[in-house]
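Input: a single structure, listed below in C-alpha cells.
The chain is numbered in sequence order, starting from 1. Here the structure is a predicted model, which is why all the values come from computation and not from measurement.
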Amino acid sequence: MTRKLYVKSYGCQMNAYDSQRMADTLAPEGFVETATPDGADLIILNTCHIREKAADKLYSELGRMRELKKQAADDGRRVTLAVAGCVAQAEGKEIVRRNSAVDLVFGPQNYHRLPGLLARAENGAVVDTEFPAEDKFDHLAAPSRAAMRKRGVSAFLTVQEGCDKFCTFCVVPYTRGAEASRPVAKILAEAERLADAGVREITLIGQNVNAYHGEGTNGRAASLTDLLYCLAGVPGIARLRYTTSHPLDMDERLIEAHRDLPALMPHLHLPVQSGSDRILGAMNRRHTAAEYLNVIERLRRARPDIAFSSDFIVGFPGESEDDFCRTLGLVSEVGYASAYSFKYSPRPGTPAAGMDQLPEAVKDERLQRLQHEIDRQLDAFNARSLGATLDVLFEKPAKRPGQIVGKSPYLQPVHVMDHVMASSSLIGEIHPVKIDHIGSFTLSGQLAEQYSMQDRRSLIVA
Ligand code: SAM
Ligand code: SF4
C-alpha cells in the first residue's frame, strides 16, 4: 500500500541530506514523498537548533500540524506526526508534553530506526533521543536509482558527523554528539552509486568536515585529503567540494590538494566568526585572526583562483565596538565571494548563554553594517565575472523556456539560452560559458563555442 510522506527540512545541508536518507529508509515501507503536508500520511519536521527561536518556531508549526491532523481525522484518515533533528534531540519529551498531536520524537542519530519507531508509535507517543551504539549509516537504506536521478546532478554526501570542538556559542556538540567519521569504503560505494545515477558533483558534508578521520581501505585512518583523492578517481565525478571546515584543521596536505587535484573546486567555505582575538578566545575557536589569514594566504598561493566564503557572528557576549571593527577589517582584508552573518543567539546549555549579553539594538546595528560590507563584496565578486569564461555544470531547465541553469565553480547560478539543441541535452554536462550579464543573484551568458555533442562530452573532466 502506498503512503504519502512529507518531510520539512530546516537548517543546514546535513539536515537536507538526513531528510533524503529518511525518505530512502521509508521507501521500502511503501512511502512516497509529497511536496505538501496536505494529504500526507506521515509528516516529519526535521528541525535545526543552531539559532534563535528554533523551539518557538517548531511549537507554532506543530500548532498548524495539529489542525491538519484534526481535519484528516474528521475525514477518517490517520496522520502520523514526527519531529526529528536537533530540536528533537534537545527538547525530547517536552515536545510531546506541549503538543499531544505529536506521535514520534527522534534525534539525528536514530533515523535508521524509523520503521520500528513508527510501528511503536501506533500504540502511543514514542521519544527516542539516545545515542545508539550502532552506526546509523550501516542501517540506512540506499536511495533507489530513480530517487538519485530525481535529486539532480549535484549531490551532498555526509562523511562525518558531530563535533569535539565545543565553541562556547554552539549547540552542535550536544545535539549531534562526538565526532564520528564514516569509513572510506562506504563513502566510495555511495559516491559510485551516485555517479552511476548521473551525479557529476559531490559535496562532502560534516559539521567539522576537515577533521574527517575515517577508516581507510587499508585499515588505517584516512584524512579528508586521502578521501578526496579516492573520490576524484570515481568515473563520472567531475567536481568535488567539502563543507564545513574549521581553520584549525586546514593542514598542509589539504591545502596542497587544492593545487594538485583538478576536481577540487576553487571555492572554500571557511568560517572565522570574528576578527578579534579576544572574541575568538572567548568563543574557544583556538586560533587567532592572524592564523586564519595565514591559512587563507597559503590557500591562495596553492590555488590563485580560489574564492572564499565564511560565517560571522556579531554581538557575541562582551564584543566591543573595537572587536567588531576588527571583524570588519578582516572582511575587507580577505575579500569574500560571499558570507553568512548572524546575530549571536544564546543557545540553552552552552557556556556563552551564561555570559553577559549585549543589547539587541547593538547586535542589529552591527549586523547591518557587516551585511552591507558583505553584500558589497558579493556584488564586486560577481561583477568581476563579467566577460570571463567559466565552466558551468548544467543542472536543470530554467524557468524561461529554452533557458538552462547551472553552477559555476564558485557556486554562482549561471543561465544560458541553448539555441543549439533541446536544453535537457546539456544537463549533467560541464561547458564553458562566456558571462555577458550580471543579475542580482545570477549570471547569464553564452555557450563559449558551438561544440558538437561529441566535443562537449570530451570537455567533461571524468
Ligand atoms: N562547524 C562550523 C564552524 O566551526 O565554523 C559551523 C557549524 S554551525 C552549524 C553554522 C554557523 O552557525 C556557525 O559557523 C556560526 O556562524 C552560526 N552559529 C552557530 N551557533 C550560533 C549562535 N549561538 N548564534 C549565532 N550564530 C550561530
Ligand atoms: Fe559548532 Fe563548528 Fe564550533 Fe563544532 S567547530 S562547536 S560545529 S561552531
Side-chain angles (χ1 to χ4, degrees), residues 7 9 11-21 23-24 33 35 142-160 187-206 209 224 227-228 230-245 258 261-269 306-307 309 337-338 385 390-399 403-416 418 423-433 441-445 447 456-457 459-462:
V7 190
S9 204
C12 67
Q13 292 130 341
M14 297 211 62
N15 261 14
Y17 176 87
D18 287 345
S19 295
Q20 289 182 349
R21 300 304 304 266
D24 297 335
E33 266 194 277
S144 68
R145 207 179 139 82
M148 286 190 282
R149 275 196 173 282
K150 218 168 120 193
R151 289 170 192 162
V153 298
S154 184
F156 292 122
L157 202 172
T158 292
V159 302
Q160 179 278 337
I187 297 166
L188 205 50
E190 193 169 331
E192 281 164 356
R193 278 198 306 272
L194 288 168
D196 187 47
V199 166
R200 309 300 320 281
E201 174 179 82
I202 293 183
T203 303
L204 306 181
I205 51 177
V209 74
L224 182 68
L227 180 64
L228 286 165
C230 259
L231 293 172
V234 174
I237 298 303
R239 289 181 164 190
L240 290 171
R241 305 176 186 275
Y242 58 92
T243 194
T244 297
S245 296
H258 280 273
L261 200 54
L264 198 49
M265 288 294 97
H267 181 272
L268 183 65
H269 184 62
I306 197 166
S309 64
S338 64
S385 307
L390 300 174
D391 278 345
V392 174
L393 167 59
F394 287 103
E395 293 182 335
K396 55 186 180 201
K399 283 200 189 108
Q403 220 181 30
I404 184 165
V405 63
K407 289 240 174 61
S408 79
Y410 303 108
L411 294 174
Q412 299 151 297
V414 181
H415 287 77
V416 166
D418 183 13
S423 293
S424 56
S425 66
L426 278 173
I427 289 171
E429 302 226 3
I430 295 170
H431 197 92
V433 171
F441 292 106
T442 66
L443 314 179
S444 47
L447 293 179
R456 281 183 185 169
R457 287 200 197 290
L459 280 164
I460 298 167
V461 195

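For the residue pair Gln412 and Ser385, a side-chain donor N or O sits within less than 3.5 Å of a side-chain acceptor on the partner. A donor-acceptor contact under 3.5 angstrom links the side chains of Ser309 and His269, judged on distance only.
Looking only at side-chain heavy atoms (C-beta outward), Thr203 and Leu157 stay at 4.5 Å or farther from each other. Inter-residue side-chain proximity for Phe394 and Ile430 is flagged as unmet; no heavy-atom pair is nearer than 4.5 Å. Using a 4.5 Å cut-off on side-chain heavy atoms (C-beta onward), Phe156 and Ile202 make no contact. Here the side chains of Leu393 and Asp391 are not in contact, with every heavy-atom distance at 4.5 Å or above. His267 places none of its side-chain heavy atoms less than 4.5 Å from the side chain of Pro409. With a 4.5 Å cut-off on side-chain heavy atoms, Leu443 and Leu390 count as touching. No side-chain heavy atom of Val392 sits under 4.5 Å from any side-chain heavy atom of His431. Taking 4.5 Å as the limit, every side-chain heavy atom of Ile237 sits out of range of all side-chain heavy atoms of Leu231.
Across all their heavy atoms, Val153 and Gly428 have their closest contact at CG1-CA, 3.7 Å. Shortest non-hydrogen contact noted between Ala23 and Arg151 is CB-NH2, 4.4 Å. Across all non-hydrogen atoms, the minimal contact from Glu33 to Val7 is OE2-CG2, 4.4 Å. Nearest approach of Ser9 to Ser19, heavy atoms of both residues: OG-OG, 3.0 Å. Contact record, Ala307 with Tyr410: CB-CD2, 3.7 Å, taken as the closest heavy-atom pair.
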- For Val405 and Val416, run side chain to side chain contact (heavy atoms under 4.5 Å, CB included): C-alpha distance rounded to whole Å, both residues' side-chain angles, the deciding distance at 0.1 Å, then the answer. CA-CA 6 Å; Val405 63; Val416 166; over 6 Å; no

- Task: Might you work through the side chain to side chain contact (heavy atoms under 4.5 Å, CB included) test for Thr243 and Leu268, ending with a clear yes or no?
- Result: CA-CA 8 Å; Thr243 194; Leu268 183 65; over 6 Å; no

- Message: Quick one, Arg239 with Arg200, criterion side chain to side chain contact (heavy atoms under 4.5 Å, CB included). Give me CA distance, side-chain angles, the key distance, then yes/no.
- Response: CA-CA 6 Å; Arg239 289 181 164 190; Arg200 309 300 320 281; over 6 Å; no

- Message: Between Val209 and Leu224, does the side chain to side chain contact (heavy atoms under 4.5 Å, CB included) criterion hold? Intermediate values first, please.
- Response: CA-CA 8 Å; Val209 74; Leu224 182 68; 4.3 Å; yes

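Between Gln13 atom CD and Asp18 atom CG the span is 11.5 Å, to the nearest 0.5 Å. Between Leu204 atom CG and Ile187 atom CD1 the span is 7.5 Å, to the nearest 0.5 Å. Expressed to the nearest 0.5 Å, how far CG of Leu228 lies from CZ of Arg241 amounts to 12.5 Å.
Taking the six-membered ring wherever Trp is involved, the centroid distance between the rings of Tyr242 and His258 falls below 6.0 Å.
Note on Arg21 versus Asp24: salt bridge recorded, some NZ/NE/NH1/NH2 to OD/OE distance being below 4.0 Å.
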